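So the structure is just underneath, and the comments pick up after that.
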Amino acid sequence: MRLSVIGCGYLGAVHAAAMASIGHEVVGIDVDERKITSLSKGDAPFFEPGLQEILTEGISSGRLSFTTDMSAAQGAKVHFIGVGTPQQAGGYAADLTYVNAAVDGLLPYLSEGDLVAGKSTVPVGTAANLAGRVAETGATLVWNPEFLREGWAVQDTVDPDRLVAGVPSEDGHPTTEGERCADVLREVYHTAIAKDTPFIVTDYATAELVKVSANAFLATKISFINAMAEIAEVTGADVTTLADAIGHDARIGRKFLGAGIGFGGGCLPKDIRAFSARAEELGKGESVAFLREVDAINLRRRDRAVDLAVTALGGTVYNKNVTVLGAAFKPHSDDIRDSPALDVAVRLHGLGAKVTVTDPAAIENARRIHPQLDYVEDRDQALTGADAVIVVTEWDEWRRDLDPAHAATLVTGKIVIDGRNCLDATAWRSAGFEYHGMGRP
Ligand code: UDX
C-alpha cells in the first residue's frame, strides 16, 4: 500500500521505515531540511536500535523515500500524522500547532477514500475537531495512537502489543465508513494482524484517551514506587525488596516499579500535564488531580539524588569532582528531553561541583543544550579522579559491565550514588565504596 508519514521525528521516522520494512511504499515528509537530508541518505538522525538497518534496507529497496515537499503525499492511501505535540510555553496544555499545520498542509493533496491517521498524542476531542476539515476533501480521519517506547521503537512498531483504531462512530458503534477505515488499517498492519495482535476498533475519544491514560497509568506506577521510596528512606526499609515482593502479585506486576530519580523524556511528563490541563477544560480537573501529585513526587526524586550527593560529600559539593554516569532520559536512547539525569547533573554544577558527564549515546545532544558541563566519551576516563560517582541512567556500560573493583582503582573518593537502583550494592560495598541507593538503607 502507498503510505505517507507527516513528521519524521522519533515517532514518524521509525513508523515510515517500519512500514516500508513490512512491504509498503512509504514517503516520509518533514519541514526540517536537515532531518530529511540525513534520512534520505539512510542515516538515522537519532539513536534508535535497529532503525539504521531498516532505513538503509527501505531506501535501497526503493520503497522508502523522504522529502520536504508535501505534494509527495498525493497518491498515498493512508497519511499518518506523527508530528510533535509539545507542552505549551507558559502552560501545561499540549501545543497543537504542528498537528494543525500538518493536517492543513495535507488537505490539498488528499483524494476521495484516503485515510488520514493521527498517531500523535493529543488532548481528547482533537480528532473530532479535525474530522470535518478532512471530510471536505472526501478523505476520512482516524485516530491510531502509538505506544512505542524509545529504545524499542522499531520492535514496538513492527510487533506492537495492541493496535487501536479510533474511527467515525455513532452511538458507540463504527459507522459503515468507520468499518471500512478499520479494514484499511488492518491491511496496513497485516503482519501484526496475522500474529493475532489485539486490534481494538473504537470511537475517536476512546482512542485518544487510551493513549493518555496508558501514559498516566505508567507515570503513576513509577511515582507510586518513588513515594514508597520516600517512606522507606525514613523507616530504614528497602524499596527494591518491597517492589520485588509486591511485584509477585500478578495484579500489580513488577514492571515500572523501578524507584530512582524518576521519569522523564518527551512523553510521560508532558502527557500527564496536558491530560490535567484538558481535564480542567472539561470541568473534570478533580478526576485527575492526582496527576499533579504524580508530577510533584517525580520531581522531588531529583532533589533527593542531589541531596544524597551533597550529604555524602560532607555537606557541600563545591569544587568536588562529581562524575555523572548518564545523560539520556533512559538507556538505549540519545534523547535528553526532560531528562532527570541531565537535570541532576546541571543542579550539581549549579552548586559548584566540577561535573563530568559520560553517556554512550547522548553526549552530543547534551552538550548542545548544556555546554557548561564537561563531557567525556570514555567511561574510565570520566571516572578518573572522581570524588563521587552518581549513576543517573541505567546503561549496561556501568550497570552490568563496570567492575566496582576496577572503578575503585580510578576514583579518588569511593562514594557511589545509585540514582537508578541498578547497581549491585553488595559488590560495590565489597570494593570499598560507600553506596547510597534511592529508598534503600
Ligand atoms: C513512554 C511509554 O512507555 C510509551 O508507551 C509511550 O508511547 C511514550 O512514552 P518512553 O518515553 O520511551 O515511552 O519511555 P519509558 O520506557 O516509558 O520510560 C519513561 C521514563 O520512566 C524514563 O525516564 C524511565 O527511566 C522512567 N522509568 C521507567 C522509571 O523511572 N522507573 C521504571 O520502573 C520505569
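Whatever order the structure lists them in is the order used to number ligands and atoms, beginning at 1. It should be emphasised that the depicted structure is a prediction, and the values quoted were computed from it without experimental measurement. Scope of the values below: all heavy atoms of this structure, side chains included, with no hydrogens, waters or symmetry mates.
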With atom 3 (O) of ligand 1 as the reference point, say which of N421, L218, D271 has the nearest heavy atom. L218
Between D114 and K77, does any side-chain N to carboxylate O distance fall below 4.0 Å? no
Salt bridge or not for E230 and R300, using N-O below 4.0 Å? yes
Does some non-hydrogen atom of C267 fall short of 4.0 Å from ligand 1? yes
Could you tell me whether the side chains of T358 and R379 share a donor-acceptor contact shorter than 3.5 Å? no
Heavy atom of G260, distance to ligand 1 below 4.0 Å: no
Is E233 salt-bridged to R301, going by a charged N under 4.0 Å from an acidic O? yes
Verdict with reasoning, D95 to T97, per side chain to side chain donor-acceptor pair (under 3.5 Å): CA-CA 6 Å; D95 179 352; T97 310; 2.4 Å; yes
Flag the pair R278 and E281 as a salt bridge only when some basic side-chain nitrogen lies within less than 4.0 angstrom of an acidic carboxylate oxygen. yes
Do any nitrogen or oxygen atoms of R149 come within less than 3.5 Å of a nitrogen or oxygen of ligand 1? no
Quick one: does K211 get within less than 4.0 Å of ligand 1, heavy atoms only? yes
For R420 and ligand 1, answer yes if some heavy atom of the residue is under 4.0 Å from a ligand atom, otherwise no. yes
Please list the nearest protein heavy atom to atom 27 (N) of ligand 1 with its residue and the distance rounded to 0.1 Å. I222 CD1, 3.4 Å
Polar side chain donor-acceptor pair, S4 to H79, under 3.5 angstrom: yes
So for L257 against ligand 1, with non-hydrogen atoms under 4.0 Å, the contacting part is backbone
If we number the atoms of ligand 1 from 1 as shown, the ones under 4.0 Å from a heavy atom of E146 are 7 (O)
So that I can tick it off, tell me whether R399 and E394 are bridged by a salt bridge, with the cut-off set at under 4.0 angstrom between side-chain N and carboxylate O. no
Under-4.0 Å heavy-atom contact with ligand 1, by part of L148 that carries it: backbone
Near E150, which atoms of ligand 1 are under 4.0 Å from a heavy atom of that residue? 12 (O)
For ligand 1, is there an N or O atom under 3.5 Å from any N or O atom of F329? yes
